[in-house]
Participant: 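Below: one structure in structure tokens.
Order of listing sets the numbers, starting from 1, for every ligand and every atom in it. For reference, positions follow the sequence shown, starting with 1.
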Amino acid sequence: MSGARNISNALRRARLPRPRVHLRPVLPQSPLTHATALRSFSSTPLRASTKEIKYTSEAYNIQRDPKFAEVTADDVAFFKSLLGSESAVVDGVTADATDDIEPFNSDWMRKYRGHTRLVLKPQSTEEVSKVLKYCNERKLAVVPQGGNTGLVGGSVPVFDEIVVNTSRMNQIRSFDQASGVLVADAGVILETADSYLAERGHLFPLDLGAKGSCHIGGNVSTNAGGLRLLRYGSLHGTVLGLEAVLPDGTIVDSLSTLRKNNTGYDLKQLFIGSEGTIGLVTAVSILCPPRPRAVNVAYFGLESFEHVQKAYLEAKNQLSEILSAFELMDGRSQGLVHTSTGNKYPLEGEYPFYCLIETSGSNAEHDMAKLEAFLEHVMGEGIVADGVLAQDETQFQALWRWREGITESLSHLGGTYKYDVSIPLAELYQLVEDCNSRLTEMGFVGDDDSFPVRAVVGYGHMGDSNLHLNVSVRQYNKEVEKAIEPWVYEWIQKRNGSISAEHGLGIAKRQYIGYSQNETMVNLMKQLKGLYDPNGIMNPYKYI
Ligand SMILES: O=C(O)CC[C@@H](O)C(=O)O
Ligand SMILES: [Zn+2]
């Protein structure tokens, strides 16, 4: 990378065989704002019209449930009088129909598409309550939708479900400097929340590529994982309370700001990760840590997955409390980023594996001492073949882009079959190798346009044992899909892994929950669904 420093004194002292790791002094107040503009999902029109996307109901042969009513002109009139005309997008039900409903009907991956004719954008919890109560009484099905950046089709309708979009519920309600507790509406964009916190010396404990578009309510409803889970933990731990509306209009006020509250069932947990199937999250209270003052990022090339595992162990042991991310990227994924961005590779040579390590701490000198010791070790022992360390904020962001840009690079190639899985670390990458071999043997992978599969790539959150297996296809193709599914889920089940580590189940994995949850668990989920949503209006046709 241009402007990178020469070998550090520390590395010279260690007399290492020509290491090419370039060290920089830690940026004193380096803000943690990498790659923010990278994936503004829903606002980035990447390809042609959404009308080319196949309807989910046809692609997956799903029948509309006749128990649900259809939206009428009277319903539209009711909602408009309740919310105001500007809070409703209507298509086809009344004479004043508009044509801008399509973005709410399809997902960012252009894989799923519904037929909704009505999108509602309430501005308060009370409005959500009235909307859901009405829908429940009329048996109108509903899909809660935030920034619509999900990757499993959970936030788009399958048929004519009414989309209840949270974009107008976008106020920060309070922030307590001493405790670090933020209370905010569900529709606040993740990046907006983080910028607000940055001004107050704090950090939102979740960060992901879609931060410029996704809503924090959607993050909570899907239990999003992101890039720094290894440091800040899952939303099941950081969310202290939430407010949600049940289908009958009941407002669940559980917006606690307490760290400790040991008074019976922790029911808020049910809304975290249930993907809008039992209620609609309207506000969140979340514990936000102090913003680290010193942040560094290093990018390494490695010769094998065994080397990556060793590097991870060393990072955990040596960097311990300052380690904030350990991300894995295979050579193919980096090749895709290179091709789509045209950016020069960070390292001179090409490697089968790369990893990105971030440290975040409060004492620059202390962090640098640890980092130098770590770099000396992994370079000296030959665990890492080559590497660079960001010298400034621009390089910091540029290095992160090699990781965060993978999803977007894939999106330019056509369709992507995505498998977001948890597997014991030792076998994490084996799934990519096995999938590639299988698809190659079956004649799906090849270099020219006649082969449906362009690439089988693997990357993910090494620190969380979370692999993203992505199969890039020229266009969505049922034969390829059948070659991967359910084979991939059986592969994961055999290793006691999870078929969804962080993206949820949505429509993509609706038939496969049994590969990761036993019958008792699925039955308990069904009972809870029946209790909270007896008419089944919340996010139907999805996983439950
Ligand atoms: O696109 C994917 O498969 C992964 C997206 C996201 O979870 C990531 O880690 O970048
Ligand atoms: Zn991820």
Participant: Just checking Lys482: does its NZ atom have more than 12 heavy atoms from other residues, nucleotides or ligands closer to it than 6.0 angstrom?
Facilitator: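 Counting other residues, nucleotides and ligands, NZ of Lys482 stays at 12 neighbours or fewer.
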Participant: If the threshold is 4.0 Å, N to carboxylate O, is there a salt bridge linking Arg113 and Glu102?
Facilitator: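 Counted as a salt bridge, because a side-chain N and a carboxylate O are separated by less than 4.0 Å.
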Participant: Take the Zn ion (ligand 2) and tell me which protein N, O or S atoms are nearer than 2.8 Å.
Facilitator: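 As for protein N, O or S atoms lying under 2.8 Å from the Zn ion (ligand 2), they are His461 NE2, His468 NE2, Glu502 OE2.
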Participant: In terms of atom number and element, which parts of ligand 1 are under 4.0 angstrom from non-hydrogen atoms of Leu151?
Facilitator: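 Checking each atom against Leu151, I get 1 (O), 2 (C), 5 (C).
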Participant: Judged by modelled atom types alone, do Trp400 and Glu358 share a side-chain donor-acceptor pair under 3.5 Å?
Facilitator: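 Side-chain D/A pair, Trp400 to Glu358: present.
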Participant: Under 6.0 Å from the ring centre and within 45 degrees of the ring axis: does the NZ or CZ of Lys478 meet both conditions for the six-membered ring of Tyr60?
Facilitator: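 That pair qualifies as a cation-pi contact.
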Participant: Check whether the side chains of Asp207 and Tyr232 place a donor and an acceptor atom closer than 3.5 Å, and report yes or no.
Facilitator: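 No - no donor-acceptor pair under 3.5 Å links their side chains.
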Participant: Which ligand 1 atoms are under 4.0 Å away from a heavy-atom of Thr407?
Facilitator: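 The list of qualifying atoms is 1 (O), 2 (C), 4 (C), 5 (C), 10 (O).
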Participant: Does Leu410 approach ligand 1 within less than 4.0 angstrom via side chain, backbone, both or neither, non-hydrogen atoms only?
Facilitator: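 The answer is neither.
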Participant: Taking atom types as modelled and ignoring hydrogens, do the side chains of Ser422 and Ser498 form a donor-acceptor contact shorter than 3.5 angstrom?
Facilitator: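 On atom types as modelled, these side chains do not qualify, holding no pair under 3.5 Å.
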Participant: When Phe326 is tested against each of Tyr354, Phe374, Tyr312, Phe300 for ring pair (Phe, Tyr, Trp, His ring centres under 6.0 Å), which residue passes?
Facilitator: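 For Phe326, the ring pair (Phe, Tyr, Trp, His ring centres under 6.0 Å) test succeeds with only one of Tyr354, Phe374, Tyr312, Phe300, which is Tyr312.
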Participant: Considering the heavy atoms of Arg403, write down every atom of ligand 1 situated less than 4.0 Å from one of them.
Facilitator: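 With Arg403 as reference, the close atoms of ligand 1 come out as 8 (C), 9 (O), 10 (O).
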Participant: Give the contacting part of Asn470 toward ligand 1: side chain, backbone, both or neither, where contact means a heavy-atom distance below 4.0 Å.
Facilitator: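 Asn470 to ligand 1: side-chain contact only, backbone stays beyond 4.0 Å.
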Participant: Any heavy atom of Tyr419 sitting closer than 4.0 Å to ligand 1?
Facilitator: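 Judged by the 4.0 Å heavy-atom criterion, Tyr419 does not count as contacting ligand 1.
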Participant: Looking only at side-chain N and O atoms, does His307 offer a donor or acceptor that is under 3.5 Å from a partner on Ser304?
Facilitator: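 On atom types as modelled, these side chains qualify, holding a pair under 3.5 Å.
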Participant: To which of Glu502, Glu404, His503 does the heavy atom nearest atom 4 (C) of ligand 1 belong?
Facilitator: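 When every heavy atom of Glu502, Glu404, His503 is considered, His503 comes closest to atom 4 (C) of ligand 1.
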Participant: Above 12 or not: heavy atoms from other molecules or residues under 6.0 Å from CG of Asn518?
Facilitator: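 More than 12 heavy atoms, drawn from other residues, nucleotides or ligands, come within 6.0 Å of this atom.
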Participant: Can we call the ring centroids of Tyr55 and Phe159 under 6.0 Å apart?
Facilitator: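 No, the ring centres sit 6.0 Å or more apart.
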Participant: Can you list the atoms of ligand 1 that are under 4.0 Å from a heavy atom of His461?
Facilitator: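 Reading through ligand 1 atom by atom, the close ones are 9 (O).
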